[in-house]
Each structure stands twice: as C-alpha cells, then as structure tokens.
Amino acid sequence: MGSLFDSYHSVAYDEMFAGDGAPHPHTKALFDALQLLSSADLEERVGVLQRSLRDQGITFSHAGQEWIFPLDLIPRLIPTAEWELIEAGVIQRVRALEAFLADIYGARTVLADGIVPQAVIASSTNFYRAAAGLEPANGVRVHIAGIDLIRDGEGVLRVLEDNVRVPSGISYVVENRRTMARVFPGLFLEQRVQPVAQHIALLFAALRSSAPAGVDDPTVVLLTPGVYNSAYFEHAFLARKMGIELVEGRDLFCRDNVLYMRTTSGERRVHVLYRRVDDDYLDPVHFRSGSVVGCPGVLNAARAGNVTIANAVGNGVADDKLIYTYVPALIEYYLGEKPALPNVPTYRLDEPEVLEDCIARIDQLVLKPVDGSGGYGLLIGPQASEEEIESTRAQVLENPRGWIAQEVVMLSTSPSLDGEKLAPRHVDLRPFAINDGGQVRVLPGGLTRVALREGSLVVNSSQGGGSKDTWVLTSRPVRGDEPDPVAPMPTPAVKASAPDLGPQSDQPQQQQQGCAPC
Amino acid sequence: MSWRIAVRHRTGYVYSTAVRASYNEARMTPASSRGQQTLESRLEVTPGTRPLRYVDYWGTVVDAFDVHVPHSELVVTASSVVETAGQLDPPPPIGWDAVTSAEVADRYAELLGASRYVCFEPEVTSTGASFAAAALPADAALQAVAWSHEQLGYERGSTGVHTTSAEARAAGKGVCQDYTHLTLAVLRAMGLPARYVSGYLYPTAGDADTTVGVSTSGESHAWVEFWAGQWVPADPTSLAAVGERHVVVARGRDYADVRPLSGVYHGPPAESLGVEVELTRLR
C-alpha cells in the first residue's frame, strides 16, 4: 500500500520501529493510525498546523529575525516503563546538582574530599564568587531544570547535558500539545497520554514556595531582557499563563536591599524574581557594570533574604560541561546512589595525554566549549569541513580547559515529515524538572527537538531544529482536559485500527506514575 | 609583639550634579584572622543609609548600601580598632616538593594563575625561573620580592587603580598596588600560590614612648602573602618586615577582589574625594 512510510529507513535506533521493521509495541497504535492517512491528508493538516503556529505567534529569534519554531506533525511517544526510568534519572540528577551547588557556594566539602578538583571550580567561568554564602529561602537553587537526553545506537538513553541556569522550552511543550490537539484531535482519543497543561501551574507553585520566609502571598515577576531576546515569546507566554508581571530591568529597583517594581499605582514589593536574564547581566553592582537589562542591588537583596532569585545566581558552575563529567561521581557522593541515566562518553582535555589522543582523532569526535549553549561553537568531527576542524583544533590547543570531547552518538531517529513522506530525523529530549523545595517533579512530557535537515545531529532551534509533541503514555485513565476543544478539524479522520491502549499490555508492572500533579 | 591601632579611613566621591540610585559595596573593615583581631568597627555613610553587612568569598567583611536621595557628595568613613598580628614566626624550612605538589597546586589553584591585574609575561616568568634555583621556596620568594622592588620607582599618581602588572613594569614606576601586582606575577610564575593583601601601614616605627597616642596620617597599603608551607607576608614596596604596623583589611587574587569602595549609580562622572587615613596607636 502506498504508505507514508515507503522507503523509510533509519541508520540509527528508531523511536517508532524496532530492528525488524515492525513498530515498537507502544507505537503500534500511532503507526496504524498514520497508515490510514494519505499524503493529501497530511498536507491539509500541515496547513492547519502552520496557521495555528502563526496565530499563536510561537516564535524564536535567530540572527536578527523572528522565526516560527517548526513543529513536526508526528508525535514522539515514550512508553510508561521508559518514562519511569527518565523520571528517576532526572530527579536523581537534579538532587545531586542541588546538593553540589549548595556545597560549592557553602562548605565546599566536595573539594576538600577530592571528588572534584579545586582547579576545575577555580577555572570555571560560571563559578560566581559573589554567590558564595548566599542561602536561598527554601534551599532551592534549581527551581526549573532541563536535562537533555539522547538515545544512542544501542537504544540506551544518556544524559547529554544539564541546564540549570535559565532553561527554556517549557512554553513549547504546552503550545505543541495545544496545536496537536487542533491538528490531530482523533489521535488522542485512542491513546492515554499524560497531560501537559498543568506544567506551568507547577512552575508557578514552585516559584511561590521559594518566597522569603513569612511571605504568604508573594509577588512573583518574570524578568526578561526584552523583545529582542530569542526566547521573548516564551517569557511573555509564561508571564501570561502564570498571571504575573512581565518586567524589564528598568521596571525594577532596589532600596535598602529590598526589590520593588514600579507600577502605575506606585511601587510594589517583589518577593520572587523569575529571571530570564543571564547572571552576567543581572546585577551591575557585581557583574557587568554596564548592563541595563538587570537590576542593581538585586544580588544583595537576595543575600539579605528579601527576594528569591530563580534560578539562583551561579548555577552555571553545575552545568559547566567539564563538571558534567563529574556528575556520576557527584550522584554517588551526595546521594549514595548509582546513576540511573549514564553520561555520554566524554573526555577532559585538561589532561595532557587525553588531549593528545583527542586532537589526533578530532575528526571522529564531537568537540564542545564547556560554557557554551545553543549548539554554538560545537564541532561534529565526521560532519565538519577541513577548515572547521582546523579552527576548532587551534582553539582547543589554545585553551584545553575550555573544551570537552565526546564520542559521536548516533542520535535516535523519529519519523518526521519530509515533503509528502515520513523520513527518519534525529531527535533528543529535554524533560523539565521542577523543584518546589519539598519535591522534585519531572513534568510528564518534555521538549523533543528534531534536526529537520537530513542526517543532521544538531537539534538546536538556532541551528535549524524543530520540535515534536512528546507523548508520555500511561496505562491510567487521563483526565479529560485535553485535547483542547478549541476549533478542532471538522472530521477527525484518524482512527486506530485496534483499541490498543498502549504499553500496558506488554508492561503489566507499570501501574502508576509516582508524581500525579496536584 | 602586637599593637593596638585605631583606624579612621575616609573616602568617597564628588559629582558635578546631583546623583541618585547609587549602589555600593565597601570593603573597609579590618579582618579578624591570622593573629589580627578587630575589636570595634563602624561604617558611616553620608547621605545616611542602612548597610547590609556580609562576609564575602575571600573572608572580607563587606558593607553593601544604596543611596536614593539626590546627593552631590558620597562620603564613607570606616572607623575601627584593631590589634595587629605582629611579626609571625618564619616559615619552617620546607622544600619545593612540598610547596609545589599537585595537592597544593590544586588547593590554591585560583592563586596560581594570571588574574585581572596580574599578567604573565615571558620576561617575568624567566626571571622567576632563575630565582627558583634557590634551595628553599621561601628564599626564592624573597628574591622575587626584592626584584620587584627594584623594577619600579615609587611615584605617587604615576599609575591608576586599573593599571596591570605589565603596564606598571613597562612604566618602571608605580605605587604599592603595582609593586604588589608585579610581585604576585613573579611568585605565581614560580609556582608559588600568592595573594594580594590590602590594608594600612602605620608610617613610623618606634617604641611605645614615641608612638602611643599619636595620630598620624597613614595610608592605604598593599602587600603580598605567598605559600611556603604557611602563608608568609612580604612588603615589596617598603621591604620592611610585615608585622605590628600592618593592618589587614582584605585578601584576594588582586586589587579587583579587595576594592575598598565600588559601585554603580546614575549620573555624571564622579571625581574621587581621595583617601584619608588616620592611624592612632593606642598601645
């Protein structure tokens, strides 16, 4: 039959098909549904999707322009058992990184005990001495984390990097689901998919619970660098959804180590600052003195215990890519546990023999700047030109501490729309974790980023990536707050061929997701 | 032997037109550490404010304050009474192996590299290497201190607070801050952990009969401490022994970590009020 999957062939582990070409048990229902679609159906839905994205204004800016963040039509499915592993691994990681940050900016036992060399911290550009001794109200420094996972050629999920500074993307998770509910409402009827609509409420609750002691009804604001920031859409979206003020630096001021915002009805005290401004720009008293997007005095206001900065200042020392290589050891040191999710094999280039070996085979490795993000400065050896390799080699030799090397991981693929057909495209997954001080929760879903260019392994939105709606399947009935009832397609054409309720048939032990949102 | 010294340190800024929204940090309270004891300390700011006092990463007492009333002059006066540490015992005769071990290099990693005002230059590094021939690191370090003293002529106003060790060396002159930065460059190039010490120096030596009760116009001062099995202070500007006349305020990698007064404000360029330090030996 003239299937959308004709000539579909992945060179990597595929999220939909097993090695024998048959769909995984948990993707069978989706596969069957897609089998019923024609190219024409798909095209029509793409039209709906494009209009929907444009109407919702889901954009990011890159190279000075506004772009629609492309949403691929085909969702990425995660079976219950696997989600439990992800959940456990992410929670463990966030707890270890919280403990590490409290230690590094406090007692520093991890250094005294020789788990992490002092030199690694001293040379980290993300270690902020001004944050030393600053104790957040409820002990939380990582209010929200995005832990990037990839799946290797053997199907093993690995942590690629941790993001505990100002992780972005949660708005796309919520909006992608809303869009998909419009475009493919029928699909949801046949699947038990964990909802994502409550994600932002959980973030808001965590922000509120981080308020200074004794504040019952805290004022939370979102600080954005402004409309020219690449994530401004998200800032505006989150502020609107949480019902809080979206402010810029000029709207804030500190007096006697208390933070206020200027409003039309006078000044109003701020208790929690959800800032989407980088540390360097946050407080000109301590950091870049010329910054106008921050607020002078806010760090000392936090030190005085009068305002909570979320996420905390100085978190970058924990997601420095050199520290990443120590995270498995940190999990054992602080939690006495074995890491649930392994790292990608990574080499520290500040060790001379390792440097020599990695430089010799630089064309087979991935090289990353330790303090970079967004895929900037990244070299993927096998896909790079001679000039790119030469340039990176020179930079690495100049400053080995500034780089790590990783084995190339052939990221798993997921069927994605390519013209009229579905073709395998490489994906990663960024689950979000929220820490409210009592509990770390992993939001069931997350942002699946997809490299839309054939063969590309770079999924960052600034590098030609898109995203997919991410369905965490559950064997439990899901409350009916999704799909979004707004303007569905007139005739849901998609029907599953059999009432396959997903993974519970082959994974009977999965009864329960330990973190029902409240 | 230890002296008890009262310190009064006054500094600030004058502005051509009124300034508001001024956010500052003062590092002007003497440290209580390594044998020195601060008995009293007080910070006065005009216009009046309510400072937040905290201890920073380097162990220095910081007063953070902001001023919102329009003002054309900001004056900060720190008053304290300190019992100085006196002269410390000389370090034990520890060899290079113990001082430059991997363990020490890691523990003091941030005091071994170049920093904002401490530059590694080839000439300085090779000079350091020649001193490293000395059998004991402490002896080599004192040679480095003497060498730095020779490189610069003392000339007030010849350099500014942002002058680096390389710029001062090129100019061949400077003040205590520059002597200190240059000395740090040599010491660190030799692999010896070394830190910047800021404070005050009571200007005249002498016994109690001639100095107690006498107020003198002192000055802000800077010197170094290097690691030779223990922290050893040395004063490259005066080459005098560091002892009862030295009052320690702050320690760090270089001047950037110990600035007595720093901050941001909205308004026209500021002019420094200058620094007035009055030191009175109490006993």
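So you know, we letter chains A, B, ... as the sequences are listed, proteins then strands, and number each from 1. All values below come from the heavy atoms of this structure, side chains included, with hydrogens, waters and symmetry mates left out.
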Write down the atom of A/Pro284, the atom of B/Val264, and the distance for their closest heavy-atom approach.
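Closest approach of A/Pro284 to B/Val264, heavy atoms only: O-CG1, 3.5 Å.
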Is it the backbone or the side chain of B/Arg253 that comes under 4.5 Å from a heavy atom of chain A, or both, or neither?
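Interface part for B/Arg253: side chain.
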Atom group of B/Arg50 that falls short of 4.5 Å from chain A, counting heavy atoms:
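For B/Arg50, backbone and side chain are both near chain A.
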Got more than 12 heavy atoms from elsewhere within 6.0 Å of [atom1], [X]?
X        : atom1 : result
B/Glu271 : CD    : no
A/Asp113 : CG    : yes
A/Glu332 : CD    : yes
A/Tyr281 : OH    : no
B/Arg116 : CZ    : no
A/Glu398 : CD    : no
B/Arg42  : CZ    : no
B/Arg34  : CZ    : yes

Calculate, to the nearest 0.5 Å, the distance between atoms OG1 and CZ belonging to B/Thr49 and A/Arg255 respectively.
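So the OG1 of B/Thr49 and the CZ of A/Arg255 are separated by 13.5 Å.
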Between CG on residue B/Leu52 and CG on residue A/Asn300, distance to nearest 0.5 Å:
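The CG atom of B/Leu52 sits 6.0 Å away from the CG atom of A/Asn300.
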Evaluation steps, side-chain contact (heavy atoms from CB on, under 4.5 Å), between A/Gln118 and B/Glu103:
CA-CA 10 Å; A/Gln118 165 73 45; B/Glu103 190 269 325; over 6 Å; no
So which bits of residues 53-75 of chain B come within less than 4.5 Å of chain A, counting non-hydrogen atoms only?
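Listed by number: B/Tyr54, B/Tyr57, B/Trp58, B/Ala64, B/Asp66, B/His68.
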For chain A, which residues from residues 19-32 of chain B lie under 4.5 Å away (heavy-atom distances)?
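Within residues 19-32 of chain B, the residues under 4.5 Å from chain A are B/Tyr23, B/Glu25.
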Please rank [options] by heavy-atom pairs under 4.5 Å with chain B and give me the top one.
options                      : result
A/Ala132, A/Pro117, A/Ser289 : A/Pro117
A/Arg129, A/Arg303, A/His286 : A/Arg129
A/Asp256, A/Val285, A/Leu134 : A/Asp256

Under 3.5 Å, side chain of B/Asp106 to main-chain N/O of A/Ala119, donor-acceptor pair present?
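Present.
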Chain B heavy atoms under 4.5 Å from A/Phe127: which part of the residue, side chain, backbone, both or neither?
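Just its side chain gets close to chain B.
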